[in-house]
Amino acid sequence: MIEPSDKVKRIWKTVVAVPKGKVASYGQIADLAGLPGRARLVGKALGLAPKEMAIPWYRILRSNGQLAFEKGSENALRQKGFLQDEAVVVLNNRVKLDQFGWQPNLADILMKLEF
DNA sequence: GTATTGACTTCAT
DNA sequence: AATGAAGCCAATA
């Protein structure tokens with residue numbers, strides 16, 4: 001049976017755990033997913049994620065707060081729209097991590113990731 | 001088996 | 001701030 005690797009599934013689960021109105025970086029997701037150093041794999045996993053799965057891929061961005069896509073690209077605009085729907089301010093293809101960066105606490109992790 | 005790629009990150013210019 | 005190189009490691013070719 002062909003299915004995504006466990007790592008990819010872990011990534012998805014972690015991404016889903018990102019609260020609405022917040023954003024996280026690829027490296028952060030990888031770290032929380034138990035895959036430190038696999039930031040790039042996170043991006044790949046999100047690309048593989050089917051639309052049917054409610055995966056908020058748009059809440060994931062680069063470590064510096066910039067969208068992972070080039071400004072003006074279709075995906076970047078789409079991501080921007082989704083984020084704005086969640087009250088996240090996106091300016092010049094960037095989000096202020098100081099304001100919207102997700103800082104997971106122990107409770108969040110225990111509740112949504114571990115178990 | 002090796003080589004290249006990638007929705008990344010960090011350090012150095 | 002912008003650009004480049006090196007590091008990183010699973011997935012692809």
Side-chain angles (χ1 to χ4, degrees):
Chain A
M1 161 166 176
I2 305 171
E3 67 178 44
S5 67
D6 293 337
K7 289 164 191 163
V8 169
K9 286 190 274 191
R10 276 244 281 296
I11 290 169
W12 288 345
K13 193 168 174 129
T14 306
V15 171
V16 171
V18 177
K20 180 185 175 193
K22 299 275 184 168
V23 297
S25 73
Y26 292 90
Q28 191 174 0
I29 292 299
D31 198 25
L32 291 173
L35 302 165
R38 268 52 123 203
R40 308 177 83 146
L41 188 56
V42 173
K44 212 162 256 189
L46 293 179
L48 292 174
K51 303 181 184 81
E52 293 75 44
M53 298 184 73
I55 295 179
W57 57 270
Y58 50 85
R59 291 186 191 142
I60 311 305
L61 28 104
R62 297 199 177 189
S63 63
N64 62 349
Q66 281 192 313
L67 303 196
F69 302 104
E70 201 171 327
K71 183 183 178 188
S73 66
E74 306 263 335
N75 275 336
L77 294 175
R78 217 143 54 82
Q79 182 170 20
K80 179 180 171 187
F82 280 124
L83 290 174
Q84 289 179 336
D85 278 350
E86 309 213 335
V88 176
V89 177
V90 180
L91 285 180
N92 194 21
N93 219 72
R94 286 175 140 179
V95 173
K96 291 193 175 188
L97 291 179
D98 291 344
Q99 271 187 312
F100 302 105
W102 179 40
Q103 291 143 13
N105 51 35
L106 185 59
D108 284 338
I109 296 172
L110 290 178
M111 216 168 67
K112 300 175 179 179
L113 300 181
E114 303 295 336
F115 131 6

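Below, read A as the first sequence line, B as the second, and so on, with proteins coming before strands; counting in each chain starts at 1. Given the structure is predicted, the values throughout are model-derived calculations rather than measurements.
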J.: Taking the side chain as every heavy atom from C-beta outward, state whether V18(A) and I29(A) have any atom pair closer than 4.5 Å.
T.: yes
J.: Just how far, in rounded Å, is C1' of dT9(B) from CD of Q28(A)?
T.: 13 Å
J.: Using whole Å, report how far CZ of F82(A) lies from P of dA7(B).
T.: 19 Å
J.: Any side-chain heavy-atom pair from P104(A) and Q28(A) closer than 4.5 angstrom?
T.: yes
J.: So what does G47(A) hit on the nucleic acid, given a heavy-atom distance under 4.0 Å: a base, only sugar-phosphate, or nothing?
T.: base
J.: Are OP1 or OP2 of dT10(B) and a side-chain N or O of S63(A) less than 4.0 angstrom apart?
T.: yes
J.: Testing the basics here: between A54(A) and V16(A), what is the closest heavy-atom pair and its distance to 0.1 Å?
T.: O-CG2, 3.9 Å
J.: Within this structure, what is the CH2-to-P distance between W12(A) and dA7(B), rounded to whole angstrom?
T.: 15 Å
J.: Over 60° means perpendicular and under 30° means parallel, so classify the ring planes of F69(A) and W57(A), tilted if in between.
T.: perpendicular
J.: When only distance counts, do a donor and an acceptor, one from the side chain of R40(A) and one from the base of dG7(C), lie under 3.5 Å apart?
T.: yes
J.: Let me know the distance between CZ of R62(A) and C1' of dT9(B), rounded to the nearest Å.
T.: 10 Å
J.: Is there a side-chain contact between R59(A) and W102(A), using heavy atoms and a 4.5 Å cut-off?
T.: no
J.: Given side chains that start at C-beta, do those of L61(A) and L97(A) come closer than 4.5 Å, heavy atoms only?
T.: yes
J.: For I11(A) and dC9(C), give me the distance from atom CD1 to atom P, rounded to whole Å.
T.: 14 Å
J.: Could you check how far CG of N93(A) sits from P of dA7(B), rounded to whole Å?
T.: 16 Å
J.: What's the CG-C1' distance between N64(A) and dA7(B), to the nearest Å?
T.: 13 Å
J.: Check whether any side-chain heavy atom of V42(A) sits under 4.5 Å from a side-chain heavy atom of T14(A), and report yes or no.
T.: no
J.: Please figure out whether R38(A) or R94(A) has its closest DNA chain C nucleotide nearer the 5' end.
T.: R94(A)
J.: Grab the CD1-C1' distance between I60(A) and dT9(B) for me, whole Å please.
T.: 15 Å
J.: Listing time: all N or O pairs from protein to nucleotides 11-13 of chain C that are below 3.5 Å?
T.:
{"residue": "dA11(C)", "atom": "OP1", "partner": "S5(A)", "partner atom": "OG", "Å": "3.1"}

